[in-house]
Amino acid sequence: MKKIASVIVDVPTLQTNKPFDYYIPEEFIGHIEIGMRVVVPFGNRHIQGFVVGLKERSDIKNLKEIIEPMDVIPVLNKELLHIGDYLSEKTLCFKIAAYQVMLPPALKAKYEKYITLIDDHALEQLPTDLKKLFDKQKRLKWKDVEKFVSTSYLYRKAKEGLFEVTYEVKNQGNKKKVLYYVPTTNDVEHFQNKKNQLSKPLSQKQEEIYQVFLRHFQPHTVSQMERKVANARAPLNALVNKGLLKKEEYEQYRDPYVNRYFQKTKALPLTEDQQKAITPILNTIEEKQQEVFLLHGVTGSGKTEVYLQAIEKVINQGKEAIVLVPEISLTPQMVNRFKGRFGNLVAVLHSGLSLGEKYDEWRKIQRKEVKVVVGARSAIFAPFENIGIIIIDEEHENSYKQEDIPRYHARDIAIERSKIHHCPVVLGSATPSLESFARAKKGVYKLLTMDKRMNQSRLPTVEIVDMRNELKSGNRSMFSAQLFEKMQDRLAKKEQIVLMLNRRGYSSFVMCRDCGLVVKCPNCEISLTYHKVTDQLKCHYCGFETGTPKVCPECGSNHIRFFGTGTQKVEEELGKVLPEARVIRMDVDTTSRKGSHEKLLTDFGQGKADILLGTQMIAKGLDFPNITLVGVLSADSSLHIPDFRSSEKTFQLLTQVSGRAGRHQLPGEVIIQTYTPEHYSVQLAKNHDYLQFYRHEMLMRKQGQYPPFYYLVLIHINHEDVQYVYTVAEKIAQFLRAQLLPSSKVLGPAASPIVKIKNKYRYQVLIKYKHDPNITPALKKIIHHFYQDQLKKGLTISIDMNPYSLM
DNA sequence: AGCACGCCGACT
DNA sequence: GTCGGCGTGCTC
């Protein structure tokens, strides 16, 4: 039995980003396994760590002992530990950050520092204000005491032996315990005897409850009992006091989908397209081969049914499936389809769940109680051990890329896991990312195409309206004549309308019409956003808030105007021009409350409204038969973001939202309003012509030397002092130019599109490369070289391998 | 990240 | 002589 454990400690710094060795105490030898969390002494604190290895001897002398294990079963299996190493290597993050991102947040350590008074004698020696604090209890939280006296005083007294300072390591979330009442015996006769031995007979209520337990010896919670006997709490406790019942705590899953009925569904007959697409996937499952498929299916072509039937095969083989969907489309509609087919074999993971709920869903996976997990990005780390398929729906979505540390892409993790499990990965989309489609074309991925809609429904007809002409002809409203007319028509026909306001990028800002001043955040160099509810201007980078100016702060003019259109404004306008229409508005404001997203959609599905008005969150996944008109109020806003992917994003968004119309019997129509009707993203979305868009966009990417022709690395350098940032950025750029192959291009330093956030200036260096083994070593050197400056001078350097946003 | 240690100026 | 500020270096 190995006596020493190597532990990655929960201290995210460069110097501690390596295993530390500890003795395993006698009693835990054989108990502590690789992948478990343990509490270890580190310096004079107690912290959490992950066991990553066991060994007989260590090069370090004077090892300390592990304090205790935090798990009974390892939380990370061998495979996930490997994935953690892969993550930290590929995204250049600390090991501890990689491990933590793979686990539900409930398992993240919570630390508390306590100060305990040694004895009453010590109490006498304290100043009066401290005496008061310690009068009631001997142990207090350090941070509560710290408010009253200086830390050095506390340390000094601790050294003198008045206090003891202790550290506690706990989980952030916990298993839910439910209190049950249970008979003290499960033998009928014994139970009756016990009652008969009581000095007094039971009260009427107590007797009733007693009879319930006598009939079936099952544990009951108070509320369960109250369904049979009203006001049961007091009599239950009385029975406990009389020794007939006892209280017991049982662990219970918090099931976010409890009390919900899921219509059971069976496999549907497949269309020819679907059949053709699924066959190679099924073969790969059968042959236990690793393969990446790109399933390119137009909106409404029935990709989900293909997923479902592939999963069915996987389950029949006794294996497990991971399905990733973008957070935003993790709607009840989607969940229903999986729960309907696979019932309680499905775990669901998304950001709407509480800490505890996430933890419980995760434990269902860990305990092998489910076979399928449907979830957002982080569900890719589901602790399955026998994966048969990994599906990524809406593959092109940027929410699969995590924007903070570790900056990983779920697709990369999926492929890495599929290699270990010898299973297929299916990337599905109506508008695949250029990267994926290019790989499919090269034969790296296998391309599967479904270009026909199910139900014989046709793709909707799309009309582009040039808003410049509207303006010329005197229409100053946000609805073009065409759109307005069609909306009236649908309202008359009792059909439903989806209106999308593509507000990404520059939303409602305030500008002076006389001098052109745009009100900006004093800390962030970005225009402030107008919030009508509070009548305030807000910066959504640093949270700065200010009242709305009545006159221009620059020139004093009172011609202040609000530019950009918010959903609220559209809603108001709709109320004026189509007062009879019932409108549901969906945006961050109306969906922030838990479950509100779902409720709004259900209402719309049940026909409680005629118009669904929203931001891009309504572009995906909705499948309502009665939608026959989709209006895009302005296609342009996403087009002019300074980002090489803006055309791609616009095309995807327009195609996706168009796909909401006419999915069933009724034919659909789409109106796209724009100020740049000639742009290829808009034109090709009109024709639903992905292939042409792909060809055109590939030319642009080649010209601009962007992905998929080049890989990117984005380095951000931030500091309060512009001069200093620039100097560091310049050094970094020079260093990279010297280290990298000549074929790699180092661009910059340049000021970031948002020059200042939270009073820190932002500069960036961009690397474009095709193949360069020196990239990672060079970046690691940069991290090491500037590490001290980062700690001391408040410099931050962040590295994003394959960034999704260049802002 | 914390925390100890050590050096320095400021004050009882 | 003592207290508290902060720069430096270490944690198996």
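Chain identifiers are assigned alphabetically (A, B, ...) following the order of the sequence lines, protein sequences preceding nucleic acid strands; residue numbering begins at 1 within each chain. Values below: every heavy atom of this structure, side chains too, minus hydrogens, waters and symmetry copies.
- Note on A/Tyr111: nothing from the nucleic acid sits closer than 4.0 angstrom, heavy atoms only.
- Looking at A/Ser88, its side chain does come within 3.5 Å of a backbone N or O of A/Asp85 through a donor-acceptor pair.
- With sequence neighbours left out, the side chain to side chain contact (heavy atoms under 4.5 Å, CB included) criterion links A/Lys3 to A/Ile29, A/Glu56.
- Counting to the nearest Å, the C1' atom of C/dT11 and the CD1 atom of A/Ile8 are 14 Å from each other.
- Judged by distance alone, the side chain of A/Tyr724 and the main-chain N or O of A/His719 form no donor-acceptor pair under 3.5 Å.
- If you take CG of A/Asn17 and P of C/dC12, they are 17 Å apart, rounded to a whole angstrom.
- Within a 6.0 Å radius of NZ in A/Lys90, other residues, nucleotides and ligands contribute 12 heavy atoms or fewer.
- The backbone N or O of A/Asp21 lies less than 3.5 Å from no partner atom in the side chain of A/Ser58, so there is not a single donor-acceptor pair.
- Between the side chains of A/Asn398 and A/Glu403, not a single donor N or O lies within less than 3.5 Å of an accepting N or O.
- For A/Lys78, the NZ atom counts as loosely surrounded, since its 6.0 Å shell holds 12 or fewer non-hydrogen atoms of other residues, nucleotides or ligands.
- Side chain of A/Asn718 to main chain of A/Lys760: no donor-acceptor pair is present (N/O by atom type, distance under 3.5 Å, no hydrogens or angles).
- A/Phe20 places its CZ atom 6 Å from the C1' atom of C/dC12, with the value rounded to the nearest Å.
- The closest donor-acceptor contact from the side chain of A/Tyr761 to the backbone of A/Ala751 lies at 3.5 Å or more, if one exists at all.
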Contact list (N/O, under 3.5 angstrom) for nucleotides 3-10 of chain C vs protein:
residue : atom : partner  : partner atom : Å
C/dG4   : OP2  : A/Ser152 : OG           : 3.2

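- Remark: side-chain polar atoms of A/Asp71 are paired, donor with acceptor, to backbone N or O of A/Arg37 under 3.5 angstrom.
- Among the heavy atoms of the strands, none lies under 4.0 Å from A/Lys61.
- For A/Lys64, the salt bridge (charged side-chain N to carboxylate O under 4.0 Å, His left out) test picks out no residue, with sequence neighbours left out.
- Bounding nucleotides for the chain A contact on DNA chain B, 5' to 3', at a heavy-atom distance below 4.0 Å, are B/dA1 to B/dA4.
- Listed by residue number, there are no residues of residues 47-59 of chain A with a heavy-atom contact under 4.0 Å to DNA chain B.
- Across residues 25-44 of chain A, A/Pro41, A/Phe42, A/Gly43 each have a non-hydrogen atom less than 4.0 Å from an atom of DNA chain C (numbered order).
- The closest side-chain donor-acceptor pair between A/Asp10 and A/Tyr111 falls under 3.5 angstrom.
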